[in-house]
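So the structure is just underneath, and the comments pick up after that.
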Amino acid sequence: QPPKPRPLYDIIILGASGFTGKYVVKEALKFLNTPSSPLKTLALAGRSREKLVKTLQWAAHPSSPPNDVSVIIADTTDPPSLSSLCNQTKLLLNCVGPYRIHGEPVVAACASSGCDYLDITGEPEFMEEMEAKYHEKAMETGSLIVSACGFDSIPAEMGVMFNTRQWVAPAVPNHVTAYVSLESDKRIVGNFATYESAVLGVANMDKLQQLRRSRPKKPRPVVSDHSAFLFVVDILVFHGLKDGDSKPWAWWLQYYLPTLQYYSPHIRCEKIYIVSFLSIASIGRGILVPEADMMLGHPDLFKPLPQTMMIAIPGPHLPKGPTIEYQEKIGLRALKLPSADAVVVRRTLVTLMENPHGLPGINESPEHIGKREAYWSSVKPAHFGVKIASKSLLGIYRILGVGVFIGLLCRFSFGRWLLLKFPSFFSFGWFRKTGPSEDEVRSASFKMWFVGYGFSDSNLASERNSKPDMEIITRVMGPEIGYVTTPISLVQCALIVLSQRENLPKGGVYTPGIVFGPDLQERLQENGISFDVVSKTALPSPAPA
């Protein structure tokens, strides 16, 4: 097989003339042919040459547009044009949404050709479906495919990892909640494509659940306390032995341990892992049963599980809390936000369970190996959730109203038509088809507070009725989320791919956190997104009963 010809471009931006795409072009031009930047060649791709030329002029203003930026005609409905793009570039930035409609042909083309791919989607169904369909192919061809490289979900991923890294041993986190606050001197206006993705996402929630049920279950971070242990049974116990040999074990599990609860069956590597919670106070550790003849009381039964099989979260389950919460420490009222952030963070943790030191690179330098292993050893697992926050109760009711409109109307085709036909009305002015003005973009910003609860000593987590005795609050702040923070995040991820490709995984479909975690925070801080520790506080002990 002849060697693949050297790509003409470092980056091609697909959908460059769209609402978000043009801001991505503007951000990318800041690093084109600048000292120490790996971005030397750039092309813009889309359906209209005229619109692409106008985008380049707008993005370069007040300077003249650079002569060495090419314009290429391509369409997500034309697979040959996508294949041609992939053969011409090292890295494709996909800004064409909604991704559930337009994204898969682009991912398929990249996975087949070995071209690297980044996008800015916040659509969980799309991300999980692409992982299911193209991960193996991308690993084979060396195509690194990473979604959610914009506001969804870079601030959340980097923010929660920044918070958990503040818990210095013996302290450990139990749960971290992110509170997203959007601010502006003018009115906050979002991209219509974001609104459309939200409507279609809620409308197709059943498809996401069906996709998840159809896939092999993956291990999940589990609670580790005095009443729980992880029970792992080799598939030989139930499937490799004769029926007569396996029945006693099934009988023992069913009748002698009536409190057995299946948490997450997971078939992988020819083994079945059964995660169980047993109300046995005297046993608080994970155990591995490698042989069918091991019974309770055998000394080898009480082996701790290998780290690659589990990541335990110390302490109790995450408390549910009220529907509308007032978080006194940050002065905000908040409502649970069904966003992609929690899903993406969970996927990163699952990958970390299988790769405790992160993902090794193709030809990784010793310096980067040390950096990667040091970084991931300092990241600690924790339950994670996201809430949308507002200073006023009226703002919370407004958010709740939008959610009710979308939740009720998106179930019916006519309701979806109304939602998408009149976005400004049903979102109380937050979204409109024309998008925000440049003044509205410049005046907007965000703050994302991460409130973490945990234990000052990990041993406290295993005590009966234990409650967190420590709180750490951190904060991520930056400019407008859709047209400034998103391009910053995407372009910085792209520059890491270009400059450190040998230090990154060969290929596969991954989350941004697991790929860019050790390198990204510093780059974001240099480009207007800040990370701060707000407070570390000892919580008062609960009064004795």
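In this text the structure is predicted, and so the values were computed from the model without any measurement. The analysis underlying the following values was restricted to heavy atoms, covering all of them including side chains, and did not include hydrogens, waters or symmetry mates.
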- Message: Using modelled atom types and a 3.5 Å cut-off, is there a donor and acceptor pairing between side-chain atoms of Q492 and backbone atoms of I488?
- Response: no
- pair L32-V69: side-chain heavy atoms closer than 4.5 Å: yes
- Between E325 and K336, is there a salt bridge with N-O shorter than 4.0 Å? no
- Task: Could you walk me through whether S181 and L332 pass the side-chain contact (heavy atoms from CB on, under 4.5 Å) test, one step at a time?
- Result: CA-CA 8 Å; S181 175; L332 296 172; 4.1 Å; yes
- Task: Show your working on side-chain contact (heavy atoms from CB on, under 4.5 Å) between F516 and L504 and close with a plain yes or no.
- Result: CA-CA 8 Å; F516 304 121; L504 302 179; 4.3 Å; yes
- Query: Do H135 and E131 get their side chains close enough for a donor-acceptor pair, meaning under 3.5 Å?
  - Reply: no
- Under 3.5 Å, is there a donor-acceptor pair between the side chain of S378 and the main chain of Y375? yes
- Item | Neighbour count >12 (heavy atoms, 6.0 Å) for atom CD, E522 | no
- Nearest atoms (heavy-atom pairs only) where P468 meets H175: CG-CE1, 4.5 Å
- Message: Determine whether a donor-acceptor pair (N or O, by modelled atom type, separation under 3.5 Å) exists between the side chain of N355 and the backbone of T351.
- Response: yes
- Determine whether the side chains of N94 and Y117 contain a donor N or O and an acceptor N or O closer than 3.5 Å. yes
- Query: Got a second to check how far T177's OG1 is from W449's CH2, nearest 0.5 Å?
  - Reply: 15.0 Å
- Item | Electrostatic pair K30:E27 at N-O distance under 4.0 angstrom | yes
- Query: Is any side-chain heavy atom of I72 less than 4.5 Å from a side-chain heavy atom of L44?
  - Reply: no
- Which is it for S530 and L524 under the side-chain contact (heavy atoms from CB on, under 4.5 Å) test, yes or no, and what are the steps along the way? CA-CA 7 Å; S530 64; L524 295 176; over 6 Å; no
- Are E104 and Y99 close enough, and set up right, to give a side-chain hydrogen bond (donor to acceptor under 3.5 Å, both in side chains), and what steps lead you there? CA-CA 7 Å; E104 183 172 356; Y99 289 84; over 6 Å; no
- Message: With a 4.0 Å cut-off on N to O distance, would you call R372 and D519 a salt bridge?
- Response: no
- Query: C95 and I13: which non-hydrogen atoms are nearest, and at how many Å?
  - Reply: SG-CG2, 4.1 Å
- Is any side-chain heavy atom of T20 closer than 4.5 Å to a side-chain heavy atom of I120? yes
- Heavy atoms of A334 and Y179 approach each other most closely as CB-CD2, 3.5 Å
- Item | Distance-only side-chain donor-acceptor flag, N363 / N503, under 3.5 Å | no
- Heavy-atom side-chain contact between D341 and M448 under 4.5 Å: yes
- Message: Rounded at 0.5 Å granularity, tell me how far CG in L29 sits from CG in L56.
- Response: 6.5 Å
- Message: Taking atom CD as the centre, does E526 end up with more than 12 heavy-atom neighbours from other residues, nucleotides or ligands that are less than 6.0 angstrom away?
- Response: yes
- When you look at V172 and F455, which way does the side-chain contact (heavy atoms from CB on, under 4.5 Å) test go after all the steps? CA-CA 5 Å; V172 289; F455 299 89; 4.1 Å; yes
- Message: Tell me whether N163 contacts the main-chain N or O of G159 through its side chain, where contact means a donor paired with an acceptor under 3.5 Å.
- Response: no
- Hey, are the side chains of L91 and C115 touching, using non-hydrogen atoms and a 4.5 Å cut-off? no
- Message: Looking at N33, is its backbone amide N or carbonyl O close enough to the side chain of S37 to form a donor-acceptor pair, meaning the two atoms are under 3.5 Å apart?
- Response: no
- Message: With heavy-atom distances below 4.5 Å as the criterion, would you say the side chains of D68 and T41 are in contact?
- Response: no
- Of all the heavy-atom pairs spanning G122 and M127, show the shortest one and how long it is. C-CE, 4.1 Å
- L39 and A28: which non-hydrogen atoms are nearest, and at how many Å? CD2-O, 3.6 Å
- Task: Verify whether one side chain among S377 and E373 offers a donor that lies under 3.5 Å from an acceptor in the other.
- Result: no
- Task: Please check if the side chain of T89 supplies one atom and the backbone of C86 the other of a donor-acceptor pair under 3.5 Å.
- Result: no
- Message: Hydrogens and angles aside, do S147 and T121 bring a side-chain donor and acceptor to less than 3.5 Å of each other?
- Response: no
- Query: Quick one: are L92 and L14 in side-chain contact, heavy atoms under 4.5 Å?
  - Reply: yes
- Message: I need the L495 CG to L490 CG distance, nearest 0.5 Å.
- Response: 9.5 Å
- From Y483 OH over to K26 NZ, what is the distance, rounded to the nearest 0.5 angstrom? 13.5 Å
- Message: Tell me if a side-chain donor or acceptor on S17 pairs with a main-chain N or O of T55 at a distance below 3.5 Å.
- Response: no
- Side-chain donor or acceptor of K380 paired with backbone N/O of W167 under 3.5 Å: yes
- So, does T141 use its side chain to make a donor-acceptor pair with the main chain of S113 at under 3.5 Å? no
- Salt-bridge test for R347 and E128: reply yes if a basic N is under 4.0 Å from a carboxylate O, no otherwise. no
- Task: For this output row, return yes or no: ring centroids of F446 and F151 closer than 6.0 angstrom.
- Result: yes
- Task: Determine yes or no for a side-chain-to-main-chain donor-acceptor pair under 3.5 angstrom, with D532 supplying the side chain and V534 the backbone.
- Result: no
- Message: Using the rule given for salt bridge (charged side-chain N to carboxylate O under 4.0 Å, His left out), can you reason through R442 versus E480, listing the C-alpha separation, both sets of side-chain angles and the distance that settles it, and then say yes or no?
- Response: CA-CA 7 Å; R442 280 192 292 267; E480 192 275 339; over 6 Å; no
- Message: Can you tell me how the ring of F162 sits relative to the ring of F531, calling it parallel under 30°, perpendicular over 60° and tilted otherwise?
- Response: perpendicular
- Task: State whether D10 and K90 are salt-bridged, where the test is any N-O pair (Lys NZ or Arg NE/NH1/NH2 against Asp/Glu carboxylate O) under 4.0 Å.
- Result: yes
- Rounded distance (nearest 0.5 Å) linking atom OG of S456 with atom CG of D469: 3.5 Å
- Task: State, without any angle test, whether Y9 and S70 hold a side-chain donor-acceptor pair at a distance under 3.5 Å.
- Result: yes
- Item | Side-chain ion pair, K371 and E367, N-O less than 4.0 Å | no
- Does a salt bridge link E471 with K329, judged by any charged N lying under 4.0 Å from a carboxylate O? yes
- For L349 and A382 the tightest heavy-atom approach is CD1-O, 3.9 Å
- Query: Quick one: does S466's side chain get under 4.5 Å of L460's, heavy atoms only?
  - Reply: no
- Message: Could you measure the distance from the OG atom of S153 to the CE atom of M158? Nearest 0.5 Å is fine.
- Response: 12.5 Å
